[in-house]
Protein chains: 2
Amino acid sequence: MPAAGKARASTGARERLMAATEQIMGDEGYAAATSRRVAELAGVKSTLVYYYFPTMDDLFVAVLCESGERALARMRAALTADDPLRVLWLINTDTRYTRLSTEWMALANHRKVIGAELKVFAERVRDIETAAVTMVLRAHGVDLTEFPPVVMSILLTGAARIICNESAVGMVQGHEQLRTFIEQFIAHYPLAVRPADQGGPG
Amino acid sequence: MPAAGKARASTGARERLMAATEQIMGDEGYAAATSRRVAELAGVKSTLVYYYFPTMDDLFVAVLCESGERALARMRAALTADDPLRVLWLINTDTRYTRLSTEWMALANHRKVIGAELKVFAERVRDIETAAVTMVLRAHGVDLTEFPPVVMSILLTGAARIICNESAVGMVQGHEQLRTFIEQFIAHYPLAVRPADQGGPG
DNA sequence: GTCTATAGACGGATAGAC
DNA sequence: GTCTATCCGTCTATAGAC
């Protein structure tokens, strides 16, 4: 593997290879992300893949890691907003990453390293989301024992995942009713105040 | 394609090929379900695949159809039970089919025919589930305008999907709390009575 | 850092014998 | 209905030149 701690040399073939892998995987599935295909899209020869990544699995893992960190950064940045619940909903219903994350889940089912990586990533996401929900519920004086924040976190992301998965195949049955319901629910838990600043309206 | 309306001839190679495809797809992913591999597992030569199915895609579609009909039958049978909400939860948290359905979703993203088939299947499932929830809510005198049955249906299946997907990679964070919460919720909506027989306890 | 050339396995699909 | 033989393309990965 080439220089990592030093200044990025040359044209960034490594980065282009990773970007190409992600794109092909999202467009045509993990099986289509072969050394030849990703190299072609990156504008290099297929053998260069093995210069940067010992095996194709190593390439996949690298792409997943980077992609996961990017997603976490997006999430952390967004959740500083006034309305964490709504932001959580919007992030999780964003269909741009649906296909890709489905591919990762499928890959994780039969590639141990991918599964392990996906697990730690999912745990970090859950931690961030649950922290945000905790802040909101606490600000409204909700009993966190009776209504654990992690539960609302899962209910919200679960509903969002259904919407994304179904939209991916053109199914929209019940989505509008769900969106309306969630919107009403979220509206009951606004957070435009500092967490320690009030007692909770209802 | 061979005799369909007549009596099942011979050894059932066609059925074995379909079963083998489903198994390999679940165990090793759709990319591993090649004509040679499924034929080997079914105990026939790979060329026989093309006798029964013009292309590999046709084989996949056939397997998905049959598998979908089986799932629908299971669901319909289970939902005649006393406690439809609990049955719905149990069916959807069954992790035996998680890997397989993830593969189908991934395949659906880049094979139009699979996506179309998955869509009609998902719609039929949603219809059955929503009908069951409607029955329960109506029996308890819930205002179906304020709380649409399809919404509870999606919330329940969404939470279940999260549990299944995460369990598949060994993640269990918050699952116990979610199960407890759902269990309590379901307990509030028992249905051991005939739908038209009472007014609702509260 | 990027290339050419190549090994060796496996893929979908067809022709035609039995 | 099931097989043998085969075409031809693609795959991961390596050796070694520049």
Side-chain angles (χ1 to χ4, degrees), chain A residues 1-21 23-25 27-64 103 106-107 110-114, chain B residues 1-21 23-25 27-64 103 106-107 110-114:
Chain A
M1 256 170 274
K6 311 185 69 175
R8 280 273 175 280
S10 74
T11 42
R14 192 187 139 98
E15 287 69 26
R16 290 208 310 281
L17 281 169
M18 289 175 67
T21 302
Q23 188 182 321
I24 292 176
M25 206 181 285
D27 291 347
E28 304 174 52
Y30 63 77
T34 67
S35 54
R36 284 167 155 83
R37 292 288 315 278
V38 301
E40 188 186 31
L41 187 58
V44 295
K45 295 297 173 182
S46 67
T47 48
L48 198 61
V49 172
Y50 300 99
Y51 171 73
Y52 288 107
F53 309 95
T55 69
M56 285 303 287
D57 261 28
D58 293 307
L59 168 58
F60 289 151
V61 171
V63 171
L64 176 56
E103 290 299 325
L107 249 185
H110 43 94
R111 302 273 250 270
K112 281 178 194 166
V113 276
I114 302 289
Chain B
M1 258 172 273
K6 310 185 71 174
R8 279 278 175 277
S10 74
T11 42
R14 190 188 141 99
E15 286 70 26
R16 289 207 312 281
L17 281 170
M18 289 174 66
T21 302
Q23 187 182 320
I24 292 177
M25 206 180 287
D27 290 347
E28 305 174 52
Y30 63 78
T34 67
S35 56
R36 287 166 156 85
R37 297 268 282 114
V38 302
E40 188 187 31
L41 186 59
V44 295
K45 296 297 174 182
S46 67
T47 48
L48 198 61
V49 172
Y50 300 100
Y51 171 73
Y52 287 107
F53 308 95
T55 71
M56 287 302 289
D57 260 27
D58 293 307
L59 168 57
F60 290 150
V61 171
V63 171
L64 176 58
E103 289 299 325
L107 250 186
H110 42 94
R111 301 271 252 269
K112 281 179 195 165
V113 275
I114 302 290

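Hydrogens, waters and symmetry mates are skipped; everything else that's a heavy atom, side chains included, is used. As the structure is a computational prediction, the values presented were derived from the model and not from experiment. Chain letters run A, B, ... following the sequence lines, proteins first, then strands; residues in each count from 1.
Evaluation of the ring-ring contact (aromatic ring centres under 6.0 Å, His included) rule for Tyr30(B) yields Tyr30(A), His110(B) as partners, not counting sequence neighbours. For Ala42(A), the side-chain contact (heavy atoms from CB on, under 4.5 Å) partners at least two apart in sequence or on another chain are Arg16(A), Leu17(A), Ala20(A), Val44(A). Judged as a side-chain contact (heavy atoms from CB on, under 4.5 Å), and not counting sequence neighbours, the contacts of Ile114(A) are Phe60(A), Val61(A), Leu64(A), Trp104(A), Leu107(A), Ala108(A), Arg111(A). In terms of the side-chain contact (heavy atoms from CB on, under 4.5 Å) criterion, Ala19(A) has no residue partners (sequence neighbours excluded).
Nucleotide dG11(C) holds its P atom 12 Å from the CZ atom of Phe60(B), rounded to whole Å. What separates CD of Glu40(B) from C1' of dA9(C) is a distance of 14 Å, to the nearest Å. The separation between Asp57(B) atom CG and dA13(C) atom C1' is 13 Å, rounded to whole Å. We find that CZ of Phe53(B) is positioned 18 Å from P of dG11(C), with the value rounded to whole Å. Rounded to an integer number of Å, the gap from CE of Met56(B) to C1' of dG9(D) is 16 Å.
For residues 39-48 of chain B, no pair satisfies side chain to side chain donor-acceptor pair (under 3.5 Å), with sequence neighbours left out.
Dashed line: the shortest gap from a side-chain N or O of Tyr50(A) to OP1 or OP2 of dT2(C) is not under 4.0 Å. One finds a side-chain N or O of Ser35(B) lying less than 4.0 angstrom from the OP1 or OP2 phosphate oxygen of dG12(C). Regarding contacts with the backbone of dT2(C), every side-chain N or O of Tyr51(A) stays at 4.0 angstrom or more from both OP1 and OP2.
In this structure, CZ on Arg37(A) lies 12.0 Å from CE on Met25(A), to the nearest 0.5 angstrom.
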Within the sub-3.5 Å range, which N or O atoms of nucleotides 3-7 of chain C have a protein N or O partner, and how far apart are they?
residue : atom : partner  : partner atom : Å
dC3(C)  : OP2  : Lys45(A) : N            : 2.9
dT4(C)  : O4   : Thr47(A) : OG1          : 3.4

